[in-house]
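Working notes, structure below.
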Amino acid sequence: MKHLEGVTRPQQYRALTLSTLAFTTCFAVWTIFSIIGIKIKQDLGLNETQFGILVATPILTGSISRIFLGIWTEQFGGHRVFSVLMLVTAACVFLLSYVESYAMFLVAALGVGLAGGSFIVGIAYTSYWFEKEKQGTALGIFGAGNAGAAVTNFAAPFLLLALGWEQTAVVYAIVLAVVAVGFWVFASEDPLTRARRGEGAKATSAKAQLEPLKHLQVWRFALYYFFVFGAFVALASYLPRYYVGAYDVSIAVAGSLAALYTLPASVFRALGGWMSDRYGARAIMYLTFIASLVCLFLLAYPETHYVVEGKEGQIAFSLAMPLWGVVVLTVLLGFFMSLGKAAVYKHIPVYYPENVGSVGGLVGMIGGLGGFFLPIVFGAVLDLTGVWTSSYMVLFVLVAVSLVWMHGAIRRMERRRVPELSEERYRYLPEIQDVGSRPPRQEKRAAPAAPSARPSPGTEA
């Protein structure tokens, strides 16, 4: 990476620190409706579906804007784009305090949602400061800015009770504006953009940046991110309402419990980046999906009452997940999702080093759309079924589909690299392969050794 010549470690760490701080602030703003939305719901008498739409609307803007912001970051540099984006968003958050009708709340929420687009700006900006072998860890640390959701879940309920939701929005706007000015003053342009400007080279055209999007692989990465990030955002917004409705706790308690989920789902993203560098992103994705399936199965099981016939008559009992059980399982779920978020973005600078902004923007956009659609689906399914755990049922199906697609794609890749593997019709049941068509000696022969079938950790499928 020629553009990194002369870049010192202190400069890299400074850029990483400032971008992470900026992203944390933006993420706190992005999820503000998870708390103030509960009060707005009460004031306007919204049903569950309307509340889901309100909470999800900022996620829509934050998702769709990512692909454009990614392209602009490639063209104009992350320093400029990040600073301007935060200032524009701060103005939108401030104007939110003057809104009164539900329709105008939705319009204002679209402007607030621009804060979510900061993710792809920071991803491109941060990745250009670090060597390839360090990018996974660096991006994992940057991604820990998702902890902004925990900041909102902890702090916003107390601001809401003390100041009201209008003044809470004003406080958020002022903080974001201050961070924007600080980032402009203290941060520097990334080395790649600076080198390109010094050479007088033109930025890559939007058409060229979008060229990799024709690959199915990019869309597969996007589906992974639809769960690990989209569902994270959805649950961060939905859990306070879930705790209030299902367990009848106060808004302050619900916010604190939701923060217990969002904190590990954010902080441990740095660990996920390191593990992806060390063990490979593919292995981390398998771990994420399998562990998530287990957690979601337990969370999705609704309160159920049973009556069985015993030797002395009927025996009645019930199964229900207690509040502490939900909290523990969501914390575990958040932990594994944080690993998965880092693993997905470990792939992008490796496979598409010249298109981090556009490819990362698309993956981030699809993932963010999960944060838009899933709260609406949660509310609609709850209205239709009346079962509080129905949201976890939806996520269980999503994870199962993602795992099956990922495993199938990896097996196809292995067969292309080692044609002999295509003969393994029943890879995991060798004792029944071609029974009766081969001599016994051949039936017991192991598959040909294929040391190249599994790529090194840095070259994931």
Original post:
Quick check: does any side chain N or O of S276 sit under 3.5 Å from a backbone N or O of A281, one acting as donor and the other as acceptor?
Top reply: no
Subject >> Distance (rounded to the nearest 0.5 Å) between F232 CZ and L374 CG >> reply: 13.5 Å
Original post:
Is atom CZ of F297 surrounded by more than 12 heavy atoms (other residues, nucleotides or ligands) closer than 6.0 Å?
Top reply: no
Subject >> Heavy-atom pair of closest approach, residues M86 and A180 >> reply: CB-CB, 3.5 Å
Original post:
Do the side chains of W72 and V121 get nearer than 4.5 Å, heavy atoms only?
Top reply: no
**OP:** Report yes or no: does T389 contribute a side-chain atom to a donor-acceptor pair with the main-chain N or O of A300 at less than 3.5 Å?
**Re:** yes
Subject >> Backbone N/O of L16 and side chain of T126: donor-acceptor pair under 3.5 Å >> reply: no
Original post:
Can you check whether R241 reaches P375 side chain to side chain, under 4.5 Å on heavy atoms?
Top reply: no
Subject >> Spacing of F268 atom CZ and L339 atom CG [to the nearest 0.5 Å] >> reply: 9.0 Å
**OP:** Evaluate the criterion side chain to side chain contact (heavy atoms under 4.5 Å, CB included) for residue pair I174 and F94; output intermediate values, then yes/no.
**Re:** CA-CA 8 Å; I174 293 173; F94 181 79; 5.8 Å; no
Subject >> Near-ring test W388/Y301, centroid separation under 6.0 angstrom >> reply: no
**OP:** Would you confirm whether Y102, through its side chain, and Q50, through its main-chain N or O, come within 3.5 Å as a donor-acceptor pair?
**Re:** yes
Original post:
If only atom types and distance count, is the side chain of K41 paired as donor or acceptor with the main-chain N or O of L46 below 3.5 Å?
Top reply: yes
Original post:
What pair of heavy atoms forms the shortest contact from L54 to L106, and how long is it?
Top reply: CA-CD2, 3.9 Å
Original post:
Taking the six-membered ring for Trp, is the centroid-to-centroid distance between F82 and F183 below 6.0 Å?
Top reply: yes
**OP:** For the pair R66 (side chain) and G117 (backbone), establish whether a donor and an acceptor sit closer than 3.5 Å, ignoring hydrogens and angles.
**Re:** no
Original post:
Is the shortest heavy-atom distance from the side chain of V112 to the side chain of W30 under 4.5 Å?
Top reply: no
**OP:** Work out which heavy atom in S65 is nearest to a heavy atom in L114; give both atom names and the distance.
**Re:** CB-CD2, 4.3 Å
**OP:** Could you grab the distance from atom CE of M104 to atom CG of L96, nearest 0.5 Å is fine?
**Re:** 10.5 Å
Subject >> side chain to side chain contact (heavy atoms under 4.5 Å, CB included) between L223 and W405, intermediate numbers included >> reply: CA-CA 10 Å; L223 177 64; W405 191 8; 3.2 Å; yes
Original post:
When you look at CZ of F68, are more than 12 heavy atoms from neighbouring residues, nucleotides or ligands closer to it than 6.0 Å?
Top reply: no
Original post:
At their closest point, which heavy atom of A109 faces which heavy atom of F33, and how far apart are they?
Top reply: CB-CE1, 3.7 Å
Original post:
Side chain of D277, backbone of T137: donor and acceptor closer than 3.5 Å?
Top reply: yes
**OP:** Could you give me the CA-CA distance, side-chain angles and deciding distance for D43 and K39, then say whether salt bridge (Lys or Arg N to Asp or Glu O under 4.0 Å) is met?
**Re:** CA-CA 6 Å; D43 291 345; K39 179 61 176 174; 3.7 Å; yes
Original post:
Is there side-chain contact between Y279 and W274, with at least one heavy-atom pair below 4.5 Å?
Top reply: yes
Subject >> Y242 and Y247, any side-chain heavy atoms less than 4.5 Å apart >> reply: yes
Subject >> Backbone of E166 reached by a side-chain donor or acceptor of S97 within 3.5 Å >> reply: no
**OP:** Could you give me the CA-CA distance, side-chain angles and deciding distance for Y224 and R220, then say whether side chain to side chain donor-acceptor pair (under 3.5 Å) is met?
**Re:** CA-CA 7 Å; Y224 303 164; R220 179 159 51 85; 2.8 Å; yes
Subject >> Any donor-acceptor pair under 3.5 Å from T25 side chain to L21 backbone >> reply: yes
**OP:** Would you check if the side chain of T31 reaches a backbone N or O of F27 as a donor-acceptor pair within less than 3.5 Å?
**Re:** yes
Original post:
For the ring pair F336 and F289, is the centre-to-centre distance below 6.0 Å?
Top reply: no
Subject >> Minimal non-hydrogen separation, V99 against F105, with atom names >> reply: CG1-N, 3.3 Å
Original post:
Say you draw a straight line from CG of L176 to OH of Y172; how long is it, rounded to the nearest 0.5 Å?
Top reply: 11.0 Å
Subject >> Interatomic distance, F373 atom CZ to S63 atom OG [nearest 0.5 angstrom] >> reply: 9.0 Å
Subject >> Full working for side chain to side chain contact (heavy atoms under 4.5 Å, CB included) between S338 and L271 >> reply: CA-CA 8 Å; S338 71; L271 174 63; over 6 Å; no
Original post:
Are any non-hydrogen side-chain atoms of L163 and V171 less than 4.5 angstrom apart?
Top reply: yes
Original post:
Minimum heavy-atom separation for S118 to F23, with atom names?
Top reply: OG-CD1, 3.5 Å
**OP:** Please test H79 against W184 for side chain to side chain contact (heavy atoms under 4.5 Å, CB included), starting from the C-alpha separation and ending with a verdict.
**Re:** CA-CA 7 Å; H79 183 229; W184 175 259; 3.7 Å; yes
Original post:
Heavy atoms, side chains only, cut-off 4.5 Å: are V244 and D248 in contact?
Top reply: no
**OP:** Find out whether L235 and Y392 are in side-chain contact, i.e. whether some heavy atom of one side chain is under 4.5 Å from a heavy atom of the other.
**Re:** yes
**OP:** To the nearest 0.5 angstrom, please state how far the CD1 atom of I32 sits from the CG atom of L160.
**Re:** 9.5 Å
